[in-house]
Amino acid sequence: MTTHEHDLIVVGAGFAGLYTVIHAARAGLDVLGLEAGDDVGGTWYWNRYPGARCDVESIDYSYSFDDDLQREWRWSERYATQPEILDYLSHVADRFDARPHYRFGERVVSAAWDEPAQLWRVRTDSGLTACARWLIMASGGLSAPQLPDIPGRDSFAGEVLQTSAWPDRAVDLAGRRVAIIGTGSSGVQAIPLLAEAAAELVVYQRSANYSVPAFNRPIDDEEWAHAQDDLAHRRELSWNGPAGSPWTSHPVPYAEADEAEREAVFEESWTRGGVLFAKAFAQLTVDPVINDAARVFFERKLAEKVDDAGIRALLTPRDHAVGTKRICTDSGYYETYNRDHVSLVDLRSEPIAEVAPAGIRTTARMRAHDVIVYATGFDAMTGALTAIDIRGRDGRSLREDWSGFPSTYLGVALPGFPNLLVLNGPGTPSVLSNMALSSEQQGAFALRLVAYCRGTGFTSVEARADAAAEWTAHGLELADRTLFGAAPSWYTGANIDGKARGFLPYIGGFKTYIDHCEAVADADYAGFVMG
Ligand code: N01
């Protein structure tokens, strides 16, 4: 039996995959979507931990492609919770009839380019096989969870939970002694709610992070009406801004502002909430003087929140400049440490020696737990792709190519891998920008390229190696001018043992990146080879 030949296979049903499937179908393509989860949602399908919400405002973190959609979907809070975002994506899937194109519960395990047939042949973990001329990977930048390799990890007799694979059921923590490992965005969001529910919470922290309160609130009707009136303007600012959101830095450079103005600017950007604090002044993540002023401001705020000086010292970030690891966006995080039943273990002074059946043993002592929560992050930006055996021209392996630093053209195309397009991959602004708009831009760019090839009769397209090398070097060079490279973050691969180091996302700005993409497309895809 011959396998049905699709025009396009899209892997993933998060923001990027869903957008691409909807628009491919609208363009008349025969599109197959493959998704490991049992439904749409991507990151919002898996990360169901208590407290999970987006750190980009809901009104911005939503699709812009359909005006009726963006006006009819009424967000209830400034920062949407995971269930609300999942409902939204489910609504989008129904509204634009995306689900019939998808096969859910299908995790792609291999994809190989068949040169004579000019097709990608894809296989999933259930044994499903499919083929298409085009393969678009919308498999997510933070979708390959990593669990630490701690001796005895699997010997724990209690319940093990993971923020990135939280069960889709109520988890009753009442009366239980809970441990959590990891204090990145996921841990910081979960900790106040875990403390609320548990009899005892022990937080195992390796590195302190900067966290800024979300100042979350319900959106009342008056605010919603105002936001609607301002929506077109807000979207315009977002599309033309450096990070895909309407917020920009204070117009006066730090050096030209006096002390009172600096204080007012830090205070205002603090109360904007969360990650926006890093935008207080332009150059905050470039100039150590500005960054240090932000650090001093932060430490003053921290002192107002945490009563115990010893705990406060442990919660003070020491290993990176403000904003060079993603600032966490919290609701009551630091205040949680004032509660009697919450304690903090500093893994720098007492590392974990082993997980035992009864709990966690550090080099200093044993602590008994009923539940261990892992909030230990992801093999970011490359992990979802290297988990799949992807073979390009002449059997070339993506996994082997990416055992070094990944070379991509515009973050989307890889030399040696014809007709494979990666959305929000290394070399795109993606995780440094609003992922909703970034996903639209990426999906649209990929589909425009597909349409171009179909219109001109080309059956394959591939990035030139020199174009990819140049783009990748350009991205690294831009990052080198900032303070980001010195931080041991997932942006640089530093959180994964043995991973090639280098700044993975494109840091030149969202709008600048879009301009690069447009210029390439307008120049008949300069830097690509068509065949
Ligand atoms: O992951 P992380 P995350 N022993 O990598 C620790 C987005 N996001 O899931 O810093 C002990 O940031 C690790 O310690 P260290 C957002 O972009 C957004 O929290 O490596 N600890 C760190 O504390 C975010 O940046 C939202 O020393 C270990 C933690 O685990 C990204 O996702 C919400 C360890 C991992 O932190 C990732 O966030 C959630 C070990 N062996 C996520 N290994 C919002 O929108 C790791 N750790 C708000």
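All values reported here derive from a predicted model rather than from experimental measurement. Just so you know, ligand 1 is whichever comes first in the structure, and atom 1 is the first atom listed for that ligand.
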Will you find, in the side chains of Ser407 and Asp401, an N or O donor that is under 3.5 Å from an N or O acceptor?
-> no
Does ligand 1 have an atom under 4.0 Å from some heavy atom of Tyr49?
-> yes
Shortest protein heavy-atom distance from atom 23 (O) of ligand 1, along with the residue and atom involved = Thr183 N, 2.9 Å
Judged by heavy atoms only, the candidate from Gly51, Pro145, Ser186 nearest atom 3 (P) of ligand 1 is Ser186
Would you please name every residue forming a salt bridge (charged side-chain N to carboxylate O under 4.0 Å, His left out) with Asp55, sequence neighbours left out?
-> Arg326
Residue part near ligand 1, for Ala375, under 4.0 Å between non-hydrogen atoms | backbone
Closer than 4.0 angstrom: is that true for some heavy atom of Val431 and an atom of ligand 1?
-> no
So, Asp39 and Ser90: side-chain donor and acceptor under 3.5 Å apart, yes or no?
-> no
Is the closest heavy atom of Thr329 to ligand 1 under 4.0 Å?
-> no
So is there a nitrogen or oxygen of Ser185 less than 3.5 Å from a nitrogen or oxygen in ligand 1?
-> yes
What part of Val188, side chain from CB on, backbone N/CA/C/O, both or neither, has a heavy atom under 4.0 Å from ligand 1?
-> neither
Please identify which atoms of ligand 1 are closer than 4.0 Å to at least one heavy atom of Arg53.
-> 44 (C), 45 (O), 48 (C)
Please tabulate, for the side chains in residues 237-246, all donor-acceptor contacts under 3.5 angstrom to protein atoms that are two or more places apart in sequence or on a different chain.
unit_1 : atom_1 : unit_2 : atom_2 : d
Ser238 : OG     : Arg234 : O      : 2.9
Asn240 : ND2    : Glu236 : O      : 2.8

Looking at Tyr63 versus Phe15, is the centre-to-centre ring distance below 6.0 Å?
-> yes
Sub-4.0 Å heavy-atom contact, Lys325 with ligand 1 | yes
